[in-house]
There are 2 protein chains.
Amino acid sequence: MMDFVEILKNAGIAASQQRMMILKYLDANRIHPTTDQVFQALRSDMPTLSKTTVYNTLKKLVEHKVLVELSLFENEARYEYDREPHIHLKCTECNEIIDLDKKFDLYTDTFIAGHKITEHQINLKGICKKCLSTGE
Amino acid sequence: MMDFVEILKNAGIAASQQRMMILKYLDANRIHPTTDQVFQALRSDMPTLSKTTVYNTLKKLVEHKVLVELSLFENEARYEYDREPHIHLKCTECNEIIDLDKKFDLYTDTFIAGHKITEHQINLKGICKKCLSTGE
DNA sequence: CTAGGTGCAAAACATTTGCAAGGTA
DNA sequence: TACCTTGCAAATGTTTTGCACCTAG
């Protein structure tokens, strides 16, 4: 458990019981869980744990780069018409999603390590040209 | 508008007014809109349009490969501890997310086309080895 | 002691479902 | 006409917010 105290301290946030338990769970269970999965898994050991705390903690740990959030586009589905392969960049300043026509020929394989691949997406996060120029 | 009729027919679905308007909007506005954005944009021209129809239509058009949905992981945020760069595969059969350790050195650039890149994710969709072997 | 973290309940969004009425082929 | 689509209202699911209490440093 000492490890987790240090990880939290290094990230600059308080090492509460809840945060350590959540971090420990994520470390031991590499299943990319949802917020609810984390909550359900821990509630028997921590009967007073609230789902709000799980939400708060996961958010804070992502902010402090301890965890990675897989869903780059948050809680809303987004759609597009263009079917030409291209890359998406989500600007963290203006929240716009920009198409980049950088070519990629990686992952046109139909199989990787025995898994059949049918679709792929490359998503980047950063700050777009426009936001970089307008002071930021 | 003729184009959109044909696109819908070719996809094997009926060419209703609503579907054509939604498709036309997606074609003219390459902003990766959310369901609500599509709804808000069209409601002045189509006062009787319901959000349910927008949801139904977008879903159907994705099923029939006319549109692309950007959020590979649906409506729930997912978190992971591992910070080593790797690729995610979402199996469309068992819904599990599998880590692939295939190396990629593409997009370690800090800048692409003037945009500053801070983070990137490569997400694949397909059928995992296990599901392929168990009959599918 | 004090700022920040926790937990409860309620609110705010996003999405789905059931079903009657309407439109397309 | 027959089937599929639409639109409304209600239900479900996810995330956020407000606020009083508690806890780590």
Side-chain angles (χ1 to χ4, degrees), chain A residues 1-2 4-23 25 32-64 66-67 69-79 95, chain B residues 1-2 4-23 25 32-64 66-67 69-79 95:
Chain A
M1 203 61 126
M2 219 52 221
F4 300 116
V5 174
E6 272 176 57
I7 290 170
L8 291 167
K9 297 255 157 115
N10 288 342
I13 57 178
S16 71
Q17 289 304 312
Q18 290 87 338
R19 285 174 181 167
M20 282 191 285
M21 289 298 280
I22 291 170
L23 201 46
Y25 176 78
H32 316 86
T34 63
T35 305
D36 191 61
Q37 280 179 299
V38 175
F39 175 65
Q40 298 302 340
L42 295 179
R43 67 186 313 186
S44 56
D45 287 332
M46 306 184 78
T48 68
L49 180 68
S50 78
K51 200 179 271 191
T52 303
T53 297
V54 181
Y55 273 107
N56 289 340
T57 300
L58 292 173
K59 194 178 196 176
K60 180 137 289 203
L61 291 176
V62 169
E63 275 168 25
H64 289 76
V66 178
L67 298 182
E69 181 173 343
L70 297 199
S71 332
L72 238 48
F73 301 114
E74 279 89 57
N75 316 316
E76 295 175 298
R78 288 175 173 274
Y79 299 89
N95 286 315
Chain B
M1 205 58 127
M2 220 51 221
F4 300 116
V5 174
E6 271 176 57
I7 290 170
L8 290 167
K9 297 253 158 117
N10 288 343
I13 58 178
S16 71
Q17 289 303 312
Q18 290 86 337
R19 285 174 182 169
M20 281 190 287
M21 289 298 281
I22 290 169
L23 201 46
Y25 175 78
H32 316 85
T34 62
T35 305
D36 191 61
Q37 280 179 300
V38 175
F39 175 65
Q40 298 302 340
L42 295 179
R43 67 186 312 186
S44 55
D45 287 331
M46 306 183 79
T48 68
L49 180 67
S50 77
K51 200 179 272 193
T52 303
T53 296
V54 181
Y55 273 107
N56 289 340
T57 300
L58 293 173
K59 193 178 196 178
K60 180 137 289 202
L61 291 176
V62 170
E63 274 168 26
H64 289 77
V66 178
L67 297 181
E69 182 174 342
L70 298 199
S71 331
L72 237 49
F73 300 114
E74 281 89 54
N75 316 315
E76 295 176 298
R78 287 175 174 275
Y79 299 88
N95 286 316

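Just so you know, these numbers come straight off a predicted model, no measurement behind them. Note on naming: letters A, B, ... go to the chains in the order of the sequence lines (proteins, then strands), and numbering restarts at 1 for each one.
Residue T48(A) is in sugar-phosphate contact alone, with no base atom involved, counting any heavy-atom pair closer than 4.0 Å across all strands shown.
A distance of 10.0 Å separates CE in M21(B) from CZ in F4(B), rounded to the nearest 0.5 Å. Atoms CD1 and CE, from I7(B) and M20(B) in turn, are 11.0 Å apart once rounded to the nearest 0.5 Å. A distance of 10.5 Å separates OG of S16(B) from CG of L23(B), quoted to the nearest 0.5 Å.
The CE atom of M46(A) sits 12 Å away from the P atom of dC8(C) (whole-angstrom rounding). Atoms CZ (F39(A)) and C1' (dG13(D)) sit 14 Å apart, rounded to a whole Å. Going from atom CG of L58(B) over to atom P of dA14(C) covers 14 Å, rounded to whole Å. For the pair L42(B) CG and dG7(D) C1', the computed distance is 15 Å after rounding to whole Å. Nucleotide dT14(D) holds its P atom 11 Å from the CZ atom of R78(B), rounded to whole Å. Residue E69(B) contributes atom CD, which lies 9 Å from atom P of dT15(C) at whole-angstrom precision. Nucleotide dT15(C) holds its P atom 12 Å from the CD atom of Q37(B), rounded to whole Å. Atoms CD (E63(A)) and C1' (dT16(D)) sit 14 Å apart, rounded to a whole Å.
Tested against Y79(A) for a side chain to side chain contact (heavy atoms under 4.5 Å, CB included), the candidates T35(B), L70(B), V66(B) yield a single pass: T35(B).
Among the nucleotides dT6(D), dG7(C), dT16(C), the one closest to any side-chain atom of R19(B) is dT6(D). Considering only side-chain atoms of Y55(A), the nucleotide from dT15(C), dT16(D), dT6(D) that sits closest is dT16(D).
Judged by distance alone, the side chain of Q37(B) and the main-chain N or O of T34(B) form a donor-acceptor pair under 3.5 Å.
Judged by closest nucleotide on DNA chain C, N56(A) is the one of D36(B) and N56(A) placed further toward the 5' end.
Considering only side-chain N and O atoms, K60(A) lies under 4.0 angstrom from the phosphate OP1 or OP2 of dG5(C).
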Distance-only criterion, 3.5 Å: show the donor-acceptor pairs between side-chain atoms of residues 52-63 of chain B and protein atoms not counting sequence neighbours.
{"residue": "T53(B)", "atom": "OG1", "partner": "S50(B)", "partner atom": "OG", "Å": "3.1"}
{"residue": "N56(B)", "atom": "ND2", "partner": "T52(B)", "partner atom": "O", "Å": "3.4"}
{"residue": "T57(B)", "atom": "OG1", "partner": "T53(B)", "partner atom": "O", "Å": "2.7"}

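Applying the salt bridge (Lys or Arg N to Asp or Glu O under 4.0 Å) criterion to K51(B), with sequence neighbours excluded, gives D36(B).
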(request) Assign a letter to each nucleotide of nucleotides 18-25 of chain D from its 5' end: B, base within under 4.0 Å of a protein heavy atom; S, sugar-phosphate only; -, no contact. (result) -------S
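Comparing the local axis fitted to the first five base pairs of the helix from dC1(C)-dG25(D) to dA25(C)-dT1(D) with the one fitted to its last five gives a bend of 50°, rounded to 10°.
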